[in-house]
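Below is one structure, written out as structure tokens, with a few remarks after it.
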Number of protein chains: 2
Amino acid sequence: MTQTEQAEARPRLGRKRDHTRDPEILSAALDVLAETGYDGMTIDLVAARAKAGKATVYRRWSSKADLVLDAVACMKGNDLDLDHLPDTGTLRGDLIAMVKPPSIRDSERKLKVMAGIVSMIARNPELAAAAHKALVEPRAAVNRVFFQRAIDRGEVLPGLDVEKLCMVGPAMVAYRTLMLRIPVDREFLISNIDEIILPAAGLRAA
Amino acid sequence: MTQTEQAEARPRLGRKRDHTRDPEILSAALDVLAETGYDGMTIDLVAARAKAGKATVYRRWSSKADLVLDAVACMKGNDLDLDHLPDTGTLRGDLIAMVKPPSIRDSERKLKVMAGIVSMIARNPELAAAAHKALVEPRAAVNRVFFQRAIDRGEVLPGLDVEKLCMVGPAMVAYRTLMLRIPVDREFLISNIDEIILPAAGLRAA
DNA sequence: CATATCCGGAACTTAACAGTTCCGTATATG
DNA sequence: CATATACGGAACTGTTAAGTTCCGGATATG
């Protein structure tokens, strides 16, 4: 096991592979995706944005579809720690507590990414699943916690269709952003809560 | 002005141009758009579907973007005769009256077209305007009529945010179709009305 | 029935981009 | 400090589709 056979020379794989830049590339991919949509997105653009070589991108992801899938899947929302959500003691308080600039910006970015891939989603079940898990589900999960708490404390009737109520907020935001192309603001979100969601839950506004 | 100058020979423009096939081409464009999305749509595909030559398409529309814009703009909903809407005497009755297979199919097709162009819309204001006028506005207009009637007959309080209430239905349908990718059915639409829209309007279901 | 015009269709040109290969350089390892 | 490896970057290949041109045939007009 001494000299030849390159047992020492070849397997110098001390650095294995530098996955240091992966997050930057994925993040760049999301940026370009949000800005130009799936088909407008080129690998050159992504590589340039991440200050990486195109070859480096292909060393890690075998195709554009692969890269996009991974980028979407790795897109962690920054607010979805279900165990540390605000707990104000009322449904309205909890819902309002989520109306904050960071949360709004987060959701806007997600919507832009979503807009960039909607047309792909119909023909790519894997991507559809990733998008659902990363973009749709987290938001619903937060609302689900709030509604469950309200039910537990007897604030609302237990017979409510929680699943449906959870999608009212996201649906209104998505519609306004994607279809109406009006940016969401604090006022819109609060009136959503007071005029639609709470009445549907059998509550008055305040 | 007699013989030459081709005053007789050249301007044989008796048939001008055969715009007979325009609707078929536009309809084919919408089909392909709904099935494959903007970028997946090729002019060859559209021409083949309309049994027309590619050249014929370009004789009428100068570019793919042009064709798509026109196709979307010409997309008349089949139900939007605001003067002949069902009038049942109650808000719930009017809303429920719109829950019919043809209306559902119409809205599904519109949503598919919308899905095919969302990512373009952000970078093409003209297309955005056309899409809004053809896909978003008609639906809202119908609801607006129903709510105005309800206000006029004193069924609901006049202080309601009608604009917001008008988008609840479309928003829920769009969200379910585009994000959740679950087809809408009669039951979903009715529970939307009874559990969300009517309570938000200050009414009980039935 | 002669002819100008538009049709469908096929062949063509051009541009963009996915994916590959190559190279000179930086760096971590021994 | 020698070297293998992975890097960024540029050059290359192949394919796809936008847009153009050309042609033979149909049709309406006079």
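Below, all heavy atoms of this structure are taken into account, side chains as well, without hydrogens, waters or symmetry copies. Just so it is clear: chains get the letters A, B, ... in the order the sequence lines come, proteins before strands, and each one is counted from 1.
At a threshold of 4.0 angstrom between heavy atoms, the contacts of A/K51 are confined to the sugar-phosphate backbone, with no base atom among them. If you check every strand for non-hydrogen atoms under 4.0 Å, A/S63 touches sugar and phosphate atoms only.
To the nearest angstrom, P of C/dA10 lies 17 Å from OH of B/Y58. In this entry the distance linking CZ of B/R21 with C1' of C/dC6 reads 13 Å, nearest Å. Between the C1' atom of D/dT16 and the NZ atom of B/K64 lies a distance of 11 Å, rounded to the nearest Å. Remark: P of C/dA16 and CG of A/L45 are 14 Å apart, rounded to the nearest angstrom. The NZ-P distance, from A/K54 to C/dA16, rounds to 14 Å in whole Å. At whole-Å resolution of the value, CG in B/D44 and P in C/dG9 are 11 Å apart. A straight line from CZ of B/R60 to C1' of D/dG19 spans 16 Å, rounded to a whole angstrom. A straight line from CD1 of A/I43 to P of C/dA16 spans 18 Å, rounded to a whole angstrom.
A heavy-atom distance below 4.5 Å is not found between the side chains of B/V57 and B/R60.
Remark on DNA chain C: of its neighbouring residues A/T42 and A/A55, the 5'-side contact belongs to A/T42, judged by nearest-heavy-atom nucleotide.
Results of the salt bridge (charged side-chain N to carboxylate O under 4.0 Å, His left out) test with A/D44 over A/R49, A/K54, A/K64 single out A/K54 as the only residue that passes.
Residue B/R59 has no polar side-chain atom (N or O) positioned under 4.0 Å from OP1 or OP2 of C/dC6. Neither OP1 nor OP2 of C/dC7 sits under 4.0 Å from any side-chain N or O of B/T56.
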- [ ] Give the C-alpha distance, both sets of side-chain angles, the deciding distance and a yes or no for side chain to side chain contact (heavy atoms under 4.5 Å, CB included) between A/M167 and A/N143.
- [x] CA-CA 8 Å; A/M167 40 185 291; A/N143 284 346; over 6 Å; no

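A salt bridge is defined here as a Lys NZ or Arg NE, NH1 or NH2 lying under 4.0 Å from an Asp or Glu carboxylate O, and B/R144 with B/E163 meets this definition.
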